[in-house]
Chemist: 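Have a look at this one.
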Amino acid sequence: LNAPPVAADAAPYRIGVITEAWAANHPASEGLKEGLRELGLVEGRDVVFDIHFTKGKSEATAEAAAALVKAEVNLIFTSGEAAVLAAKKATARLPIVFTLVGDPVAVGIVNTLAYPGGNITGVTSRVPELAPKRLEILKTLAPEIRRVWFIYYAGDVTDTAALGNMQDAARRLGVEVLGRPVNDASQLNQIFKDFRRGDAYLAPSSDTLDIPVAIHEAANASRAPTIFQSAIWVSHGAVVSYGPDFRAQGVQAARLVAKIIRGAKPQDVPVEGAEHIHVGLNLKSASQLGLPVPAKLLFRANIVQR
Amino acid sequence: MIKGSLFWKYLVVLVLLVGGALVASSLAELYFSYEEAKREIVALEQEKAVAAASRIERFVRTIEEQVRGTLSPYPDSSVAVSAAGRKDGRSRTMAAAVAEQRELEFMRLLRNVPAIAELWHLDSGGKERLSVSRVALDAIDSDKDFSATPEFKEGATGKTFYSPVFFRNESEPHMKLAVAPEEKPAEVTIADVNLRSIWDVVTRIQVGRAGYAYVVDSQGLLIAHPDLSLVLQKRNLSDLPQVRAARSAAASEAATTPFATVQTGLQGGEVLVAYAPLPALGWIVFLEQPLDEAYAPLRTKLTLGAIVVLLGMGLAGLASVLLARRMVAPIRQLQEGAARVGRGEHHHRIDIRTGDELEALADEFNRTAEQLEDSYQGLERKVAARTAELTEQARKLEAQSSSIQTLSRENKGIMDNASVGIAFTRDRKYLRYNDSFGRMFGFQGDSGIGQPGRVIYASEEDYAEVGRLAGPLLGKNLPFEHNLFLHRADGSNFWCNLKAFVADPDDQAAGTIWITEDRSDLKAAEEEIKESQRIAEEASQLKSQFLANMSHELRTPLNAIIGVTEMLHEDAVDLKREDDLEPLERVLRAARHLLALINDILDLSKIEAGKIDIHVESFSIAPLIDDVVQTVGTLAAKNGNTVVVDCAADIGTMRADQTRIRQALLNLASNANKFTERGTVTISAKRVTEESREWVTMAVTDTGIGLTPEQMGKLFQDFVQADASITRKYGGTGLGLAISRRFCQMMGGDITVASEPGRGSTFTIRLPAEAGVAQPAAAARDAAAPRPSAAQSGTATILVVDDDQTVREVMQRFLAREGFSVVTANGGHEGLRLARALHPAAITLDVMMPDLDGWMVLTAIKGDPELADIPVILISIVDEKNRGYALGATDYMTKPVNRERLTGLLRNICGAIGRQVLLVDDDDMMRRGIRLALEQDGWRIAEAENGRVALARLAETRPDVIVLDLMMPEMDGFEFLDEMRQRPEWRDIPVLVVTARDLTAEDRGRLNGGVERILQKGASELDELLLEIGRILPGSIARGRSKKVVEETG
């Protein structure tokens, strides 16, 4: 277990990467590289990467996974639910380390967090677990809101679970969560029509049907407070976000990858919850929305756009 | 070995000293460095454990410090506080401001410290005033009651409280940490800390290749381990010996003292365990490393140490060799120098420049040698002076005796009237002689007196020869006689008989009386005999020549006749001229018969003339029989006979003349087939032992016409066939059987016949398996009878009789070198006389001598019962063996003499003559065996059952050789040899060691010198051993003798 880094004369350990990102430099992938580097595994010498990004097409992940299995990589690293599901389907033999999976147990990727089983382990982004807290932060920033729209892809178990998790908190916070599962992007415009002043959006975790993009655009149009799950959106003008940092998840997952490289079996490595849960704030957007930012949110914020 | 022993002693001492010291110091150093390295390894392990513990502690402490930072009272300088104050109104109490400030601080903590999952603030009553979380909803003044929790109870004491580790989501280790300000009643702040980073700390601790670290909390629960599954099993390790030991140590005051121990590891196997406690948390960090790996450097160190010691030993050994050599070299030089001076090189000096006692010793030795040299020279001077005195006295005495001589003038009258010459010499000068002597040699009156003895001899050589021959005889008071040409003053030589005897047997120095007799007449007669002998030999040669010519002259035309007739016969057959066939066949038959007759006559005449040589060689018998059977096959088939062979395949070999035996056997087989029709011819060969000698018989049995007793009587006569009529019927010359029989006789065998008319015949060839030549071998046997007179002299005397001076000289020189004592005679008469006088051990006799030839001498010797047993070896240019053997010669050799053969022959003859062996062995059987074997060869045996008895026997009689066993009771062979070598008179007796003992190098060292040969008892069969002893003994004696000669002369 405590074996030194891969011997210098051995061939580099080959890591295949599957993400739905639009480019190879997805923060989680970059975080993986950084984390491995911190652990003494140098790219090119100890590890090499074969990165497959599907440019948002979740169906293309299966193809990528098959290609990686065929290429006989030593390990598959995934970002996003579709990617890990595709990898899991493609191989029961190669170790798989996932990131950006909201609830791996609910999705059926692992048995339990402590004993994942199979050939898979990873870092969960704790989507359902953090859903109430997300609602609380939205309410802290915009205390006037009464209704929160949660529009999500109907087939997404994680977001479905998140919705369930929010109900109790909603009552305590005095807001109504309007859960709207959709099967088709065309349904979105109909839903947006029901949006009224004083309402807010809570973006789903899943990118399916590009719902977050649609919400972002709708929110901008109607000047609606919206909370996203990742700080990426804050840099794109969203006012607030609460959720694990993608890059930090990559770094955290690198520890699991390193353990496997050094001989651990994935099924023996417990799934870790994301460590770095960041609050993202866009002060400019907040002022445009006429929302004063409370001090305690400001103190809490990890990423602040001015 | 003796010379080398000092070197070895030094070497052993040096190696022991240097090597011993080296080994001792190396072992000590190795031991200490081993212990040191072990301590180092343990210390290193402990350091790692302490380092890990301090990292974990630092992690917890940092969080603790940061949580403590949120404790009140808060400074009012905070920007956030004033900002909040402005916004939410002035009515706020200080407490509210503090609460708000605390909330902000808590937020900051959540932002800055990812490990903190949740924070609570409790009032002094244990009620929740504030809680913030990453997951749960924040709460303010919820009044949730924490008063019963250990966090509150312990935290309120002012000391930091650490809860036991618990797991969230089954997989995330957490711990609660409670802190409170010093004042009471205290408000307690609690933090929920995610401990996963401790896992990373622990996982990253490198403990060799297979070692690992783990952490146990205050409950004995495993909270961190590289194998997380072990942690997640929530194993309680309280019962592990190392955990128990560490916890009990931690509980006592020695809590901070780290230790290391060997235990069974968490995952089995022997491990080196080190640990370091975290006293504040009650946790203990353990480091375990498999013992094999932990102590690997130790093993390397040990191996290296061992190699260094070995190298050191090697160098020490080398140095010791060099040093020992240096030390011994001057001592050897001393020894050598002493030996040289001891050998008489008094001028030799030893040159040693070592600058120490050895050099001083060498100087001392040189001084002694100088003194020795001086005293030697003094001694020599004294001897010279004394000699001069003696000479003077002798001269005076001589003067006196000459005056006495003048008194005996009447004797002179008698002398002068004698017809023979009489002279008296002393000191090789003529003192007196009678008138006849003066006349004979042409001296005028007394002119010869005072002349040297040399003047009457024809040559210097003759004079020397007479001196050499006469010396030994006169020395023994024996008369001397010799025939030779003597010299007159006028220059002419004449044949003279010379006799000499000592004047006074009681006083050898008194002088010698010489009697000379002019035998010119005898010489002339001898010349005549020689001449007639020469003519006879010439005639014999002419006869041989005639035979050779005749064979050629007769066989050439005969071959032509046979050849042409065969041609004509073939033509007649081809042309079917029946009338011509019969006469031609008759011519052929007659011609072939004539040719066979001539060949046989030639053979027979050669045998008669002794011209046929027997070539003895070793050959296998069976192939010879086969060969004969093949040859007679045609003839047998022609007469319808069956040939049966009865010969054992393993009949082996014999030594004889193969060609002649084949000829004889073929003759018999041909005859058998010739005289048998439609019968059986059996050829059988056998090996039989008779008269303790091996014989080979070859018999040819036929079922033919057989022979009457009368016919058998004539059978072997020349030109006789059983019946004259047979010749006509069966052909043949009638010479074959006679010739075959002569051959067999020459080889020591014979041919016999048994037959009945009409019942067939059996002809048997009987030959010795080792056919030297029969009679001579028997003669040698006879001659081998002991001759005490010769044996007593210690060395055997050989009389060499030859008229050729060169031959005499050469023989004398090389026989003397071989250890024989040699006396020479220059002619037959001389030889005979010396033989009678000396009774030598053997005589070598030249055949062609002017005065009395070898044949006559041999006849005389063999005819004299006194001399008959002296073995005589005839040596001649002409090869007339048969005559020699017939006259009783032991052997016959042709000139030039094969020296080796002669020596071997003489050694056989002399060596066996009553030589004495002392047999020392405690084994009765062994002694008996050796005695029997040696006695057969004519040795006399004395026996001793141990060394002490052997010494007693030595004192009685001195043996010629000793056969010695080594392992004996009372006094063993080694001790015996030591004792024996103490006595100079025994030192040179050759010793043959016969032992069953496996000799070590040391044993051989002890035997070194004086031992001729070492025979191993177990190495061969007893018979072989005995044979070996018999073979070696004569040589041993010879070598012992020649060594002695060298010592005496050198």
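These numbers were taken from a predicted model, which means no experiment stands behind them.
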Chemist: I'd like to know which of A:Leu113, A:Leu298, A:Asp268 tops the heavy-atom pair count under 4.5 Å against chain B.
Modeler: A:Leu113
Chemist: Evaluate the criterion side-chain contact (heavy atoms from CB on, under 4.5 Å) for residue pair A:Arg300 and B:Val132; output intermediate values, then yes/no.
Modeler: CA-CA 11 Å; A:Arg300 175 76 180 84; B:Val132 298; over 6 Å; no
Chemist: Can you tell me which portion of A:Val269 sits under 4.5 Å from chain B's heavy atoms? Options are side chain, backbone, both or neither.
Modeler: neither
Chemist: What residue, out of A:His276, A:Arg134, A:Glu275, has the most heavy-atom pairs lying under 4.5 Å from chain B?
Modeler: A:Glu275
Chemist: Check B:Leu137 against A:Ala169 and note the closest heavy-atom contact, atom names and distance.
Modeler: CD1-CB, 3.8 Å
Chemist: Would you check if A:Glu129 and B:Asn169 make a side-chain contact, meaning some heavy-atom pair closer than 4.5 Å?
Modeler: yes
Chemist: Of the backbone (N, CA, C, O) and the side chain (C-beta and beyond), which part of A:Gln252 lies under 4.5 Å from a heavy atom of chain B, both, or neither?
Modeler: side chain
Chemist: Starting at NZ of A:Lys259, measure out to CH2 of B:Trp199 and round the result to the nearest 0.5 Å.
Modeler: 7.0 Å
Chemist: If you count every heavy atom of other residues, nucleotides or ligands that lies below 6.0 Å from A:Glu144 atom CD, does the total exceed 12?
Modeler: no
Chemist: Less than 4.5 Å to any heavy atom of chain A: does that hold for the side chain of B:Asn112, its backbone, both, or neither?
Modeler: neither
Chemist: On a heavy-atom basis, which atom in A:Lys133 and which in B:Arg134 lie closest, and how many Å separate them?
Modeler: CG-O, 3.3 Å
Chemist: So which part of A:Thr112 gets closer than 4.5 Å to some heavy atom of chain B, the side chain, the backbone, both or neither?
Modeler: side chain
Chemist: Below 4.5 Å, heavy-atom pairs only: which of B:Ser133, B:Ala117, B:Ala115 has the largest tally toward chain A?
Modeler: B:Ser133
Chemist: Answer yes or no: does atom CZ of B:Arg111 have more than 12 heavy-atom neighbours from other residues, nucleotides or ligands under 6.0 Å?
Modeler: yes
Chemist: Could you pull out the closest heavy-atom pair between A:Ala295 and B:Leu104, with the gap in Å?
Modeler: C-CD2, 3.6 Å
Chemist: Minimum heavy-atom separation for A:Ala114 to B:Ser171, with atom names?
Modeler: CA-CB, 3.8 Å
Chemist: Using non-hydrogen atoms only, which part of B:Arg196 is less than 4.5 Å away from chain A: side chain, backbone, both, or neither?
Modeler: side chain
Chemist: Rounded to the nearest 0.5 Å, how far apart are CD of A:Glu272 and CG of B:Asn194?
Modeler: 8.5 Å
Chemist: At a 4.5 Å cut-off on heavy atoms, which part of B:Ala136 comes close to chain A: side chain, backbone, both, or neither?
Modeler: backbone
Chemist: Please check: side-chain N/O of B:Glu172 versus main-chain N/O of A:Gly273, any donor-acceptor pairing under 3.5 Å?
Modeler: yes
Chemist: Could you tell me which portion of A:Ala248 (side chain, backbone, both or neither) has an atom closer than 4.5 angstrom to a non-hydrogen atom of chain B?
Modeler: neither
Chemist: In terms of heavy-atom contacts, does NZ of B:Lys144 have more than 12 from other residues, nucleotides or ligands at under 6.0 Å?
Modeler: no
